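Working notes for the structure below.
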Amino acid sequence: MAKPAPQRRYWLFKSEPEVYSFSDLLAERGRRTSWNGVRNYQARNLLRDEIAVGDGVLFYHSSTDPLAVVGTCRVVRAGYPDETAFDRGSPYYDEGSDRAAPRWFTVDIEAVCAFPEPVTRARMQAEPALAGMMLLRRGSRLSVQPVTAAEWRAVLRLAGVREEDA
DNA sequence: GCCAACGTTGGC
DNA sequence: GCCAACGTTGGC
């Protein structure tokens, strides 16, 4: 008997567009990138242990105007050691991480859907279905966050995007 | 620019 | 292990 397929899960990745925008992702070969440089243990644990190939990712622009979810991605490679932590020339270098015992992890994502219009934070705050969303909690700083299936669907609805296109 | 929230560091 | 000090994040 075949194993049941694991439930697809959903996440939200934050990025300052000045540093790395959704447009930058769309311009990558294969619209793919390694989500490296995350240096927070809680986020690291999600990247290393929880995020699976096929999971959906909301791409959020932080510290900008307007604050918004601008598109979706899918995970194309699950957690593996973040090479930038070993690279002395990288701004993300961490001498406490080595290949024998990597401290930081990354996943690869691929852009799936650029929203026709960004779903702004203001719009999300006005949406009852998103009342409990981690992103909207005061002081929420985690750059890799879990998103519920209901929140995922609500954001797609606000974006005017069909689930099968995201 | 302000400041609340949160994470990390380090003395004890 | 506690906790004060400090640094960073990120919305406002």
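Chain letters run A, B, ... following the sequence lines, proteins first, then strands; residues in each count from 1. All values derive from a computational prediction rather than experimental measurement.
- Looking at every heavy atom in both residues, A:G37 comes nearest to A:D82 through N-OD2, 2.8 Å.
- The backbone N or O of A:D94 lies less than 3.5 Å from no partner atom in the side chain of A:R103, so there is not a single donor-acceptor pair.
- Using a 4.0 Å cutoff on non-hydrogen atoms, the parts of residues 119-132 of chain A near DNA chain C are A:R121, A:Q125, ordered by number.
- A donor-acceptor pair under 3.5 Å links the side-chain atoms of A:D55 to the main chain of A:R9, judged by distance alone.
- The minimum heavy-atom distance linking A:D87 with A:Y93 is given by the pair O-CB, 3.0 Å.
- First and last contacting nucleotides of DNA chain B toward chain A (any atom under 4.0 angstrom from a heavy atom, 5' to 3' order): B:dA4 to B:dT8.
- Take A:S140 and apply the side chain to side chain contact (heavy atoms under 4.5 Å, CB included) test, not counting sequence neighbours, and it matches A:M134, A:R137, A:Q145.
- Nucleic acid contact for A:L142: none, since no nucleic acid atom lies under 4.0 Å from a heavy atom of the residue.
- Within the 3.5 Å criterion, the main-chain N or O of A:A129 finds a donor-acceptor partner in the side chain of A:E127.
- Within the 6.0 Å centre-distance limit, the rings of A:W104 and A:Y41 are counted as a close aromatic pair.
- Judged by distance alone, the side chain of A:D24 and the main-chain N or O of A:S21 form a donor-acceptor pair under 3.5 Å.
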